[in-house]
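Worksheet: the structure to be examined is printed underneath.
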Amino acid sequence: MINMNELITAVNDMLWTYLLMGALVGCGLWFTWRTRFVQFRMVGEMLRLLTDSAANTVEEQVRLGKGKQKHISSFQAFAVSVATRVGTGNLAGVASAIAIGGPGAVFWMWVIALVGSATAFVESTLAQLFKQKHKDSFIGGPAYYIQRGLHQRWMAITFAVLITCQFGLSNNSIQANTICGAMQEAFGWSPVWVGAVLAAMGLFIVFGGIQRIAHVSAVLVPVMAIGYVVLALVIVVTNIEHLPHVLKVIVLDAFGIQQIAGGGIGAAIMNGVKRGLFSNEAGEGSAPNVAATASVTHPVKQGLIQALGVFTDTLLVCSCTAFIILISGLYQTPELNGIALTQSALQSEVGAVGPVFIAIAIFLFAFSSIIGNYYYGEANIRFITQNTKVMTAYRICSAGVMVVFGALASFELVWNIVDFFMAFLTACNLIAIVLLGRYAFRLLDDYRNQKRQGIKEPVFHRHQLPEVENEIECWE
């Protein structure tokens, strides 16, 4: 009799081996070249924009009309997208990649982040360009720029369905599964009760809309990220003598020169790319949904900020987890995988408080991801239909039913389901942004030209792109 879990695993391996690894890296390299290495050359501007948007000056509020509408700031949009990026992928996903693909998987996670940040810039800039007005905020994302830019309604609906299944439903099951696993490991709490509490909390927040999601994420994300990174840095500094060996192991294993664990070089690359994409989402088409909601004076601004989010996620938070695990040496223990591996590694460094700290951290990471994931589905359901009953049913399924399902399902099942939908979702989005990328390149050239003219805050108007002016609803 066919084992459904094994069948999904086989299909996923084929999809990732023959399709997505080459497409992701290829698109990332292409966008890096066409944007003239925007993710490296404009890091300073990314940091400036993030700081300025976090300050959210009164002058900018007046200019953007925030006194009349409940727009969310550029920083809040960044926080929501980081909330979905920084989650189980950083703690459980990294551990899983190392356990299955070996330490070399970490190297390939870095690679996909470095080239993928250019992809993240392009997709989020396009989301800003083709965003639409919606009640008291903006709404947009790949479904919107596919319809407006490519005029392919069927493709836009396909994307909307895929991202709803991926983020709004299956991805939330992973977050719940990881939280429950961490709580059971640390406190012995039953997954049934933990899942029920998570569902109740999630439903309360998602019925509050994007403003409530943005406000919650803007508080949770900095607290959880800073706390975890500080702890990881303390561990790395106190074990600084092991760091050269750890880096050596990562590089040698990445190219199959010295195999320590897992399969060969193929396993390292595939798991590094898969878990890297799950974690930073560059090219997947998820972050553009929230990038479109921000109020900025130029689409490139939010593109730059979202590119910074990829670095924050993978090069900082994921690396912290990887170093903790590799320093502990427990990645060679066959029975340890996922969040249990991360908890055990931390316990070996800081004692019994380790699993407890990870349980609390993963709760903050994953719960913020649940509410952020929910919004991705909401934005795309609104693209398909405005039926309030459909939206209510989705809210219950996303923050309630799928959270409970994830709490009770197996670790392997929930990850296999996510990998399956992630492959098709990413392929659909990559096709769209390759075809529409020329608009992002022109917007970037315009932004740079204005900066060279001494304009601190570049401004965009839709008449600057006459061939698609009629398809751009905002940017009067």
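The chain is numbered in sequence order, starting from 1.
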Which residues pass the side chain to side chain donor-acceptor pair (under 3.5 Å) test with [X], not counting sequence neighbours?
X	value
E471	H151
Q132	none
T164	none
N177	none

Checking [X] now: which residues fulfil salt bridge (charged side-chain N to carboxylate O under 4.0 Å, His left out) with it, not counting sequence neighbours?
X	answer
E473	R148
R36	D445
R442	E467

Output a table of donor-acceptor pairs, distance under 3.5 Å, between side-chain atoms of residues 396-407 and any protein atom two or more places apart or on a different chain; print 'none' if there are none.
| residue | atom | partner | partner atom | Å |
| --- | --- | --- | --- | --- |
| S398 | OG | G168 | O | 2.6 |
| S398 | OG | N172 | ND2 | 3.1 |

Donor-acceptor under 3.5 Å (E469 side chain, R462 main chain):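 Judged by distance alone, no pair lies under 3.5 Å.
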Donor-acceptor pair, side chain of Q128 and main chain of G303, under 3.5 angstrom: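 The answer is no, because no donor-acceptor pair under 3.5 Å joins these two groups.
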Parallel, tilted or perpendicular: ring planes of F460 versus W475, cut at 30 and 60 degrees: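 Taking W475 first and then F460, their aromatic rings stand perpendicular (interplane angle over 60°).
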Within residues 24-43 or reaching into it, pairs that qualify as ring-ring contact (aromatic ring centres under 6.0 Å, His included) - sequence neighbours excluded: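 Found none.
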Contact list for residues 111-132, test ring-ring contact (aromatic ring centres under 6.0 Å, His included), sequence neighbours left out: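 Passing the test, one end in residues 111-132: no pairs.
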CA sep, side-chain torsions, deciding dist, call: Y394, Y374, ring pair (Phe, Tyr, Trp, His ring centres under 6.0 Å): CA-CA 9 Å; Y394 164 70; Y374 155 79; 5.4 Å; yes
T125 and Q302 side chains, donor-acceptor separation under 3.5 Å: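 No - no donor-acceptor pair under 3.5 Å links their side chains.
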Donor on one side chain, acceptor on other, E123 and Y145, under 3.5 Å: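 No, Y145 and E123 have no side-chain donor paired with an acceptor closer than 3.5 Å.
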Heavy-atom side-chain contact between M422 and L425 under 4.5 Å: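 Not touching, per the 4.5 Å side-chain cut-off.
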Summary of salt bridge (charged side-chain N to carboxylate O under 4.0 Å, His left out) pairs that have at least one residue in residues 365-376, sequence neighbours excluded: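 Non-adjacent pairs meeting salt bridge (charged side-chain N to carboxylate O under 4.0 Å, His left out): zero.
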Pairs where residues 360-370 contributes a residue and the test salt bridge (charged side-chain N to carboxylate O under 4.0 Å, His left out) is met, not counting sequence neighbours: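 Non-adjacent pairs meeting salt bridge (charged side-chain N to carboxylate O under 4.0 Å, His left out): zero.
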